[in-house]
Amino acid sequence: MQLIQENPDLSAYLAADEVIDHHHPRVRETAERLARGVDDSYEYARVAFDFVRDTIAHSQDSGDLRVTWRASDVLERRTGICYAKAHALAALLRAEDIPTALCYQYLGVVHGLVAVRFHGAWHRQDPRGNKPGVDARFSLVGERLAFTPDAASGERDHPVLYAAPHPAVLDALRSARDRPRLWRALPTVL
């Protein structure tokens with residue numbers, strides 16, 4: 001699949017905003033802690049990916065009813081669904097000047113992940129969190145995502161790389177008071 005930058009300006013994929021708030025002290029402190037002892041940006045990206053995948057609980061898997069969407073809140077509360085975890089990873093990577101896009105798959109509902117830019121190419125990564133049947137890994141050599149869309153069922157990858165969260169995703173996150181309400185409001189199209 002050919003990935004398509006929504007914005008041709010690569011600096012857009014380094015920007016901070018209300019959601020990818022990588023200038024927030026909590027994000028900065030976490031990024032600085034993760035960067036200690038790593039040799040290069042690739043190793044940092046892998047460490048940040050593992051941190052988000054393994055230490056931020058996917059709220060559906062853990063039963064947590066809280067809804068998070070801002071990267072700093074995800075890091076503070078240590079919970080979030082796929083979109084929130086993607087926002088946290090994007091903020092940690094952008095904090096260390098690694099261009100990071102938000103991207104999506106359609107799996108009956110829209111699923112969120114990120115893409116990082118290394119060696120002149122985008123590489124999708126899924127920090128959703130592993131569980132039985134899900135084994136996502138950081139990789140620049142072939143994708144190791146949580147899910148592979150089933151084309152026969154109408155599932156598909158969405159090729160657009162967004163600099164900011166898609167409005168449908170952000171609206172669902174912001175409007176839900178708890179995860180059960182969020183589950184009913186998850187977008188099914190972008």
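No experiment lies behind these values; they were computed from the predicted model shown.
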Student check: side-chain heavy atoms of Tyr104 and Pro165 closer than 4.5 Å: yes
Same cluster for Leu190 and Ile20 if Ile/Leu/Val/Met/Phe/Trp/Tyr side chains link at under 4.5 Å? yes
Would the distance check show the side chain of Arg94 and the main-chain N or O of Ala16 forming a donor-acceptor pair, the cut-off being under 3.5 Å? no
I'd like to know if the side chain of Lys85 and the backbone of Pro127 have a donor-acceptor N/O pair within less than 3.5 Å. yes
To the nearest 0.5 Å, atom CD of Glu155 lies from atom CD of Gln105 at 8.5 Å
Quick check on the hydrophobic clustering: are Leu92 and Trp69 connected, directly or via other members, by side-chain heavy-atom contacts under 4.5 Å? yes
Donor + acceptor pair across side chains of Arg78, Thr55 (<3.5 Å): yes
Look at Asp126 together with Arg53 and state whether they make a salt bridge at an N to O cut-off of under 4.0 Å. no
With heavy-atom distances below 4.5 Å as the criterion, would you say the side chains of Arg117 and Leu10 are in contact? yes
Rounded to the nearest 0.5 Å, how far does CD of Gln125 lie from CZ of Phe138? 4.5 Å
Is there a donor-acceptor contact under 3.5 Å from the side chain of Ser139 to the main chain of Arg144? no
Using the ring of Tyr106 (Phe, Tyr or Trp, six-membered ring only), decide whether Arg156 places NZ or CZ under 6.0 Å from its centre and within 45 degrees of its axis. yes
Report the residues that fulfil side-chain hydrogen bond (donor to acceptor under 3.5 Å, both in side chains) with Glu96, sequence neighbours left out, ordered by chain and then residue number. none
Looking at Pro149 and Asp157, what are the two nearest heavy atoms and their distance? CG-OD1, 3.5 Å
To the nearest 0.5 Å, tell me how far Gln5 CD sits from Tyr162 OH. 13.0 Å
Under 4.0 Å between a Lys/Arg side-chain N and an Asp/Glu carboxylate O for Arg174 and Glu18? yes
pair Leu186-Ile81: side-chain heavy atoms closer than 4.5 Å: yes
Approximate separation, where rounding is to 0.5 Å, of Leu65 CG and Arg181 CZ: 10.0 Å
Kindly determine whether Leu89 and Phe49 satisfy side-chain contact (heavy atoms from CB on, under 4.5 Å), including the steps that lead there. CA-CA 6 Å; Leu89 181 56; Phe49 171 87; 3.9 Å; yes
Should Tyr13 and Val27 be counted in the same cluster of Ile, Leu, Val, Met, Phe, Trp and Tyr side chains packed under 4.5 Å apart? no
Does the pair Arg26/Asp21 count as a salt bridge with the N-to-O cut at 4.0 Å? no
Rounded distance (nearest 0.5 Å) linking atom OG of Ser72 with atom NE2 of His87: 12.0 Å
Any side-chain heavy atom of Arg33 sitting closer than 4.5 Å to one from Phe51? yes
Can you confirm whether Thr79 sits close enough to Val74 that some side-chain heavy atom of one is under 4.5 Å from a side-chain heavy atom of the other? no
Would a hydrophobic clustering, with Ile, Leu, Val, Met, Phe, Trp and Tyr connected at side-chain separations under 4.5 Å, put Val169 with Ile4? no
Membership question, hydrophobic clusters at under 4.5 Å side-chain separation (ILVMFWY): are Val67 and Trp183 in the same one? yes
Can you see which heavy atom on Ala45 is nearest to which on Leu93, and at what distance? CA-CD2, 3.6 Å
Testing the basics here: between Cys103 and Ala115, what is the closest heavy-atom pair and its distance to 0.1 Å? SG-N, 3.9 Å
If you define the side chain from C-beta out and look only at heavy atoms, does anything of Val110 sit under 4.5 Å from Thr188? no
Would you say the side-chain atoms of Thr100 pair up with the backbone N or O of Ile98, donor to acceptor, closer than 3.5 Å? yes
Ring centroid separation Phe118 to His123 under 6.0 Å: no
Indicate yes or no: at least one non-hydrogen side-chain atom of His111 is less than 4.5 angstrom from one of Tyr83. no
Nearest heavy-atom approach of Arg124 to Leu145 is NH2-CD1, 3.3 Å
Hey, are Arg66 and Asp178 close enough for a salt bridge, meaning a charged N less than 4.0 Å from a carboxylate O? no
Assess the side chains of Ser62 and Asp64: does a donor N or O sit below 3.5 Å from an acceptor N or O? no
For the residue pair Leu161 and Glu6, establish whether any side-chain heavy-atom pair is separated by less than 4.5 Å. no
For the residue pair Val114 and Ala86, what are the closest heavy atoms and their distance? CG1-O, 3.5 Å
Do you know the tightest heavy-atom contact between Ala48 and Leu34? CA-CD1, 4.0 Å
Kindly compute the distance separating OG (Ser175) from CG (Leu182), expressed to the nearest 0.5 Å. 7.5 Å
Trace of the side-chain contact (heavy atoms from CB on, under 4.5 Å) decision for Asp50 with Arg137: CA-CA 8 Å; Asp50 289 349; Arg137 304 217 178 254; over 6 Å; no
